[in-house]
S.K.: 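Quick one: the structure is below, and I'll ask about it shortly.
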Amino acid sequence: MVSTKTSLGGFEFGNCLMNAAGVWCMTKDELAAVKSSAAGTFVTKTATLEYRSGNPEPRYQNVPLGSINSMGLPNQGLAYYLDYLLELQEAEPERTFILSVVGMSPDETHTILKSVEASDFKGLTELNLSCPNVPGKPQIAYDFDTTESLLREVFTYFTKPLGIKLPPYFDIVHFDQAAAIFNQFPLTFVNCVNSIGNGLYIEDETVVIKPKNGFGGIGGEYIKPTALANVHAFYQRLNPAIQIIGTGGVLTGRDAFEHILCGASMVQLGTTLQKEGLVAFEQITDELKVIMEEKGYETIEDFRGKLHYIDEK
Ligand code: SIN
């Protein structure tokens, strides 16, 4: 009997597919819909301390091979998502969900994480170090010194399971440097990757989104090779206790299979979920199960991380 169940941070999930932060996760209704779908769990929209309306519209556009967005972290504010998760924890204690957060400054990030630490929340927290879309705010994880000092401070008070959402890296030296930093901390997971930041998509002579004169994060089919490279590079370098969530370019069961082959314990759908809706979870799970059956794999642990290389002669 083929199963796509998985575990992350010691929590069990009935399916290894879930939404990526930003898609189907802005409101309780959207989160409840993901919860009732074939997804194994959900992650909230990245919460800042207070409500944010985000960047001016149009700020998201589907394009033939993916999407471009410059949302600018619109969200309902931390209390909205945390209260909902605390409610769910009472109602469905057997399930675990993920809270995504980041502050608009290091101080705000610490205020948020201290609130989460002080709360009764028992699930997983994801610290988003990679939003490319807030004008004037760089993607935190591209600044290794800032990332290291932020994590160092966080782990002086944060004792709950914590993961980080990463931007894509493109250089082997950066994989080495980033992994050396992450390995210093008791992270539960890293999530590779957020959108490829600051692309441009043009129709006729005009950009397709308004913020930042059209510059935005690229998702979907365009980014699968980059996403797979990041998943595998961190799988090769991180302490085995730090698990990996694979995100980027998952349109089919084959794409999910490749993320797991590269080392992902959980796989997230962003652009595909936005384009296809919740039915994508069922379709991609079914396709993944067919591949597993054909190959004689019963669980994702049978092939996770077991990417083959071409031997040098
Ligand atoms: C956004 O809200 O701008 C997208 C979220 C992200 O890229 O982290």
Side-chain angles (χ1 to χ4, degrees), residues 18-27 30-31 34 42-63 66-78 80-81 98-106 108-109 112-113 124-143 146-147 150 162-169 189-201 207-220 222-223 226-227 230 245-250 268-275:
M18 63 178 292
N19 69 303
V23 186
W24 277 87
C25 59
M26 194 74 85
T27 63
E30 289 181 347
L31 290 164
V34 177
F42 67 65
V43 59
T44 67
K45 175 65 186 169
T46 298
T48 50
L49 192 54
E50 306 295 343
Y51 167 88
R52 277 175 62 83
S53 56
N55 292 340
E57 296 183 1
R59 56 193 185 182
Y60 177 95
Q61 181 67 45
N62 285 326
V63 297
S67 63
I68 182 166
N69 90 84
S70 182
M71 301 299 289
L73 294 176
N75 76 93
Q76 311 287 342
L78 175 67
Y80 178 94
Y81 301 105
I98 306 180
L99 170 67
S100 172
V101 298
V102 75
M104 301 308 292
S105 65
E108 188 182 314
T109 295
I112 290 168
L113 288 175
L124 295 155
T125 302
E126 176 175 282
L127 176 60
N128 183 353
L129 298 181
S130 49
C131 179
N133 302 328
V134 181
K137 304 275 181 197
Q139 286 159 272
I140 299 166
Y142 282 150
D143 179 339
T146 300
T147 297
L150 187 70
L162 183 76
I164 47 178
K165 177 85 174 269
L166 297 176
Y169 297 102
F189 65 87
V190 300
N191 184 345
C192 308
V193 293
N194 206 321
S195 57
I196 296 183
N198 297 300
L200 261 184
Y201 192 89
V207 299
V208 295
I209 55 171
K210 181 169 178 183
K212 297 167 66 180
N213 289 337
F215 285 74
I218 304 296
Y222 294 111
I223 79 165
T226 297
N230 276 260
I245 299 179
T247 306
V250 179
Q268 295 188 338
L269 307 186
T271 300
T272 298
L273 182 57
Q274 183 71 39
K275 286 185 173 180

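First listed ligand is number 1; within each ligand, the first listed atom is number 1. Bear in mind the structure is a predicted one, so any value in this text is a computation, not a measurement. One-based numbering along the sequence shown.
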S.K.: Is there a donor in the side chain of Thr46 and an acceptor in the side chain of Asn75, or the other way round, less than 3.5 Å apart?
M.R.: no

S.K.: Who are the ring pair (Phe, Tyr, Trp, His ring centres under 6.0 Å) partners of Tyr142, not counting sequence neighbours?
M.R.: Tyr169

S.K.: Heavy-atom contacts with ligand 1 below 4.0 Å: which residues, ordered by chain and residue number?
M.R.: Lys45, Asn69, Met71, Gly72, Leu73, Pro74, Asn128, Cys131, Pro132, Asn133, Asn194

S.K.: Please determine which of Thr247, Asn128, Asn230 meets the side-chain hydrogen bond (donor to acceptor under 3.5 Å, both in side chains) test together with Asn191.
M.R.: Thr247

S.K.: Among all residues two or more places apart in sequence or in another chain, which pass the salt bridge (charged side-chain N to carboxylate O under 4.0 Å, His left out) test with Glu108?
M.R.: none

S.K.: Taking ring pair (Phe, Tyr, Trp, His ring centres under 6.0 Å) as the definition, give me every residue that meets it alongside Phe42, ordered by chain and number, with sequence neighbours left out.
M.R.: Phe97

S.K.: Hey, are Lys212 and Asn198 close enough side-chain-wise for a donor-acceptor pair under 3.5 Å?
M.R.: yes

